[in-house]
2 protein chains.
Amino acid sequence: MADSQNNWPTGMKRTKQRESVLFILEEAEKPLSALDICSKMDKSGDTAWLSTVYRILELFIKKGIVLKTNLMNSDMSVFELNRFKHKHYAVCMNCNKILTLENCPMERFIPKLEDEDFHVMGHNLEIFGFCKDCKAH
Amino acid sequence: MADSQNNWPTGMKRTKQRESVLFILEEAEKPLSALDICSKMDKSGDTAWLSTVYRILELFIKKGIVLKTNLMNSDMSVFELNRFKHKHYAVCMNCNKILTLENCPMERFIPKLEDEDFHVMGHNLEIFGFCKDCKAH
DNA sequence: GGGTTAAATGCGAATAAGATGCATTTACAA
DNA sequence: TTGTAAATGCATCTTATTCGCATTTAACCC
């Protein structure tokens with residue numbers, strides 16, 4: 001099961017379900033919803049209850065292994081492996097395709113705030129528009 | 001009732017509830033949730049059902065009068081008057097205070113995407129961190 | 001390897017934001 | 001003033017996510 005086979009993060013029990021979630025996230029190129037993950041598990045034979053998947057994801061987030069995002073004000077969160085590199089997405093307003101943004105405008109940006117003592121920890125950014133397939137209606 | 005008294009957007013019936021929602025949004029300095037708006041209406045005597053508030057907000061959004069945002073991956077949307085100027089926020093990770101960001105890094109930014117035909121329509125950005133009151137725990 | 005136990009999962013039920021359906025009410029045009 | 005399409009009150013539904021508890025399981029000890 002890829003990398004996770006030999007490399008298990010410390011401080012958590014190694015269960016079939018956790019291995020399966022981690023494997024799916026390792027293979028995924030784009031963020032997945034909890035339901036996506038659950039379906040993929042079903043297909044591969046490692047079935048797990050949706051609530052279990054949420055609990056596993058919650059744990060992975062706490063451990064810093066996984067990142068949670070909400071794209072386009074959607075009410076469904078998506079999850080991806082924390083690959084420890086800065087990342088943003090562009091989302092197609094028509095087909096919801098997710099594209100990786102390869103640069104970041106925040107690199108050399110100094111935020112101007114009313115509260116000049118605000119201690120910036122990070123930022124969320126997403127671009128929206130129409131992908132090449134949806135541009136021509 | 002401030003500006004909205006004499007200046008009613010065209011193409012929609014002028015009802016007590018709609019006037020009240022618009023008034024509240026005009027007075028508000030920061031985005032409000034549907035529930036916030038509903039509570040403020042209760043206090044002022046113009047009670048309305050929460051589902052009505054949602055319907056009014058939906059209409060205002062469609063008319064371009066109101067903007068909807070989700071801050072910090074929260075499952076609750078917030079709404080503000082569309083003042084037709086570009087706007088982003090900084091949110092305190094501790095007290096959830098919302099601060100207005102007065103500049104925008106996207107002004108002179110050219111996004112790099114795998115799909116070089118992506119037609120950018122806009123972007124969402126938020127900064128998170130700790131405000132001056134929460135910085136010193 | 002077998003037993004012990006704290007932690008994880010299965011499963012159902014609870015939450016909470018938001019949407020929907022329908023009967024009643026209301027704004028507004030004729 | 002009256003007719004009517006549209007808006008609201010109200011209840012109920014939906015959907016993502018969380019919680020509670022009984023059962024199962026990983027991992028440590030012998």
Rounded off to whole Å, could you give me the [atom1]-to-[atom2] distance for the [X] and [N] pair?
| X | N | atom1 | atom2 | result |
| --- | --- | --- | --- | --- |
| A:Arg18 | D:dT25 | CZ | P | 15 Å |
| A:Lys16 | D:dA27 | NZ | P | 13 Å |
| A:Asp75 | D:dT15 | CG | P | 10 Å |
| A:Asp36 | D:dT15 | CG | P | 16 Å |
| A:Ile37 | D:dT17 | CD1 | P | 11 Å |
| A:Met76 | D:dA16 | CE | P | 6 Å |

Relative to the 5' end of DNA chain C, which residue comes earlier, A:Gly11 or B:Val78, by the nucleotide with the nearest heavy atom?
-> A:Gly11
Residue met sooner reading DNA chain C from 5', once A:Lys13 and B:Phe79 are mapped to nucleotides = A:Lys13
Do the side chain of A:Asp115 and the main chain of B:Cys131 share a donor and acceptor less than 3.5 angstrom apart?
-> no
Where the side chain of A:Asp36 meets the backbone of A:Ser33, is there a donor-acceptor pair that is under 3.5 Å apart?
-> yes
Just the atom pairs and distances: protein N or O near nucleotides 18-22 of chain D's N or O, under 3.5 Å.
{"unit_1": "D:dG20", "atom_1": "O6", "unit_2": "A:Arg55", "atom_2": "NH1", "d": "3.2"}

Using 4.0 Å as the upper bound for N to carboxylate O, is an ion pair formed by A:Asp46 and A:Lys40?
-> no
Salt bridge present between B:Arg14 and B:Glu19 (N-O < 4.0 angstrom) = yes
Could you go step by step and tell me if A:His123 and A:His86 meet the ring pair (Phe, Tyr, Trp, His ring centres under 6.0 Å) rule?
-> CA-CA 10 Å; A:His123 60 269; A:His86 200 78; 4.7 Å; yes
Pairing residues for B:Asn94 by the side chain to side chain contact (heavy atoms under 4.5 Å, CB included) criterion, not counting sequence neighbours = B:Cys92, B:Phe130, B:Cys134
Using a side-chain heavy atom cutoff under 4.5 Å and only I, L, V, M, F, W and Y, what cluster partners does A:Ile127 have?
-> A:Leu99, A:Leu101, A:Met106, A:Phe109, A:Leu113, A:Phe118, A:Val120, A:Leu125, B:Leu99, B:Leu101, B:Met106, B:Phe109, B:Leu113, B:Phe118, B:Val120, B:Leu125, B:Ile127
Other hydrophobic cluster members with A:Ile110, side-chain heavy atoms of Ile/Leu/Val/Met/Phe/Trp/Tyr under 4.5 Å, chained?
-> none
Contact class for B:Thr47 vs. all strands (heavy atom < 4.0 Å): base, sugar-phosphate, or nothing?
-> sugar-phosphate
With heavy atoms under 4.0 Å as the rule, sort B:Ile56 into base, sugar-phosphate or nothing.
-> sugar-phosphate
First and last nucleotide of DNA chain C, 5' to 3', lying under 4.0 Å from heavy atoms of chain A = C:dA6 to C:dG12
Ring pair (Phe, Tyr, Trp, His ring centres under 6.0 Å) with B:His119: which residues, sequence neighbours excluded?
-> none
